[in-house]
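To keep things clear, I will list the structure first and then write my remarks on it.
Please read all numbers here as calculations on a predicted model, not as lab measurements. As a basis for the values below, the full set of heavy atoms in this structure was taken, side chains included, without hydrogen atoms, waters or symmetry mates.
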Amino acid sequence: MDGMDSVDDAVVPRALYEELLRSYQQQQEEMRHIQQELERTRRQLVQQAKKLKECGTLVSEMKELRDLNRRLQDVLLLRLGSGPAIELEKVKSESLEPEPELQKTFSEEANTSSYYPVPAPVMDKYILENGKVHLGSGIWVDEERWHQLQVTQGDSKYTKNLAVMIWGTDVLKNRSVTGVATKKKKDAVPKPPLSPHKLSIVRECLYDRIAQETVDETEIAQRLSKVNKYICEKIMDINKSCKNEERREAKYNLQ
């Protein structure tokens, strides 16, 4: 019996030792995984820091490009005899007839799917004055309608509603985005194109909206490339609605 007691005393510490050893090995394994995860996180933070630095540089460059773009617009508008861009609210830009070379340049810019504007400095846009909101370059819209537009869901609906705010349905129904006749109808007559200047304002507003959701330049470019498509759809919807109204009136008059 004394021998058995001595064996039991020897076995118990051995079992405890093995259990402690296993626990220690597990903890070491967990620590190794934690260290690997920390190293991975550190590398990601370094990459994010580099991206933030690059973004800061891009923002500065974009502001400079925006300033140059505004100066170029002022020069072009002066050549057209309409004065600086900031005074455009006093002039009906729809009545301007650009020179052929300038009109071609504007049309090519408006039809370039990869084109998207450089965001304007904050102080140049979205200024409230007398119930109006300044969208940039002398374009003003109703303040209440502008605030309603900000809660609009989706790029398509936002762009279409903004186009109506800027041009109005009476202008849109008699215009086209590019000024080129549709190929779906053989006898289609081309309509006057929308102002490239105002189209750029639409793109800038949409850019500012998208930039609040993502910094992915590829995604931003893809979403902005659909602006012409959205406005074209809105023009077709307006014309369709007008035709339906004319049919209803004709039917009513016959009765």
Side-chain angles (χ1 to χ4, degrees), residues 55-56 58-78 80-96 106 109-110 115-173 175 177 194-215 219-221 223-224 226-228 230-231 234-235 237-238:
C55 287
L58 287 174
V59 169
S60 299
E61 293 177 352
M62 290 167 72
K63 288 182 178 179
E64 293 178 1
L65 289 173
R66 171 61 185 174
D67 292 338
L68 293 174
N69 186 33
R70 290 290 300 277
R71 293 175 187 173
L72 176 60
Q73 287 183 8
D74 289 342
V75 171
L76 293 175
L77 291 170
L78 283 171
L80 296 174
S82 61
I86 197 63
E87 298 179 357
L88 276 178
E89 66 270 16
K90 300 178 182 178
V91 181
K92 292 184 178 180
S93 60
E94 299 298 334
S95 63
L96 296 175
F106 283 140
E109 180 185 29
Y115 166 80
Y116 60 96
V118 178
V122 176
M123 294 304 295
D124 287 351
K125 297 172 62 178
Y126 312 133
I127 301 174
L128 301 179
E129 184 177 333
N130 298 325
K132 300 287 186 179
V133 179
H134 184 230
L135 303 185
S137 299
I139 305 299
W140 295 81
V141 295
D142 181 74
E143 178 182 354
E144 183 178 354
R145 294 180 65 189
W146 173 256
H147 290 313
Q148 292 175 353
L149 182 67
Q150 303 316 302
V151 297
T152 303
Q153 298 295 324
D155 295 346
S156 175
K157 192 172 182 180
Y158 177 89
T159 303
K160 293 175 181 179
N161 291 347
L162 180 58
V164 173
M165 290 172 60
I166 292 177
W167 282 285
T169 55
D170 290 338
V171 173
L172 287 174
K173 70 180 181 181
R175 298 295 184 92
V177 178
L194 293 172
S195 165
H197 169 67
K198 291 185 177 181
L199 279 173
S200 69
I201 294 296
V202 174
R203 289 191 178 91
E204 288 176 6
C205 292
L206 182 59
Y207 179 94
D208 293 339
R209 174 185 171 96
I210 297 174
Q212 296 176 4
E213 303 174 5
T214 180
V215 295
E219 179 183 350
I220 292 175
R223 293 169 67 174
L224 286 176
K226 299 178 181 179
V227 167
N228 285 10
Y230 295 148
I231 297 179
K234 185 61 180 179
I235 292 174
D237 291 340
I238 293 173

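- Considering only heavy atoms from C-beta on, E204 stays 4.5 Å or farther from L135 through its side chain.
- Here the side chains of R203 and N228 are in contact, with some heavy-atom distance below 4.5 Å.
- Here I231 contributes atom CD1 and I166 contributes atom CD1; the two are 8.0 Å apart, rounded to the nearest 0.5 Å.
- In plain terms, the two heavy atoms of K157 and Q153 that are nearest each other are CB-O, 3.7 Å.
- Across every non-hydrogen atom of G154 and R209, the tightest pair is N-NH2, 3.7 Å.
- The CG atom of N161 lies 11.0 Å from the CD atom of Q150; values are rounded to the nearest 0.5 Å.
- Rounding to the nearest 0.5 Å places CD1 of I210 at 11.5 Å from SG of C205.
- Here the side chain of E219 pairs no donor or acceptor atom with the backbone of V215 at under 3.5 angstrom.
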- Quick one: do Y126 and W146 satisfy side chain to side chain contact (heavy atoms under 4.5 Å, CB included)? Show the steps, please. CA-CA 10 Å; Y126 312 133; W146 173 256; 3.5 Å; yes

- Item | CA sep, side-chain torsions, deciding dist, call: R223, L206, side chain to side chain contact (heavy atoms under 4.5 Å, CB included) | CA-CA 9 Å; R223 293 169 67 174; L206 182 59; 5.8 Å; no

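- Using a 4.5 Å heavy-atom threshold, the side chains of K160 and L172 count as separate.
- Annotation: side chain of D155 is not in contact with side chain of K226 (no heavy-atom distance under 4.5 Å).
- Annotation: the span from E143 atom CD to L128 atom CG amounts to 4.5 Å, rounded to 0.5 Å.
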- Task: Apply side chain to side chain contact (heavy atoms under 4.5 Å, CB included) to the pair L149 and V141, showing each step before the final yes or no.
- Result: CA-CA 11 Å; L149 182 67; V141 295; over 6 Å; no

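- No more than 12 heavy atoms of other residues, nucleotides or ligands lie within 6.0 Å of CD in E144, so this atom counts as exposed by the packing criterion.
- Contact check for W167 versus R175: no side-chain heavy atoms found under the 4.5 Å cut-off.
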- Query: Yes or no on side chain to side chain contact (heavy atoms under 4.5 Å, CB included) for Y230 and L162, after CA distance, side-chain angles and deciding distance?
  - Reply: CA-CA 11 Å; Y230 295 148; L162 180 58; over 6 Å; no

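- For the pair K234 and T159, the minimum side-chain heavy-atom distance is 4.5 Å or more.
- Contact annotation: the side chain of Y207 never approaches that of V227 to less than 4.5 Å [non-hydrogen atoms, C-beta and beyond].
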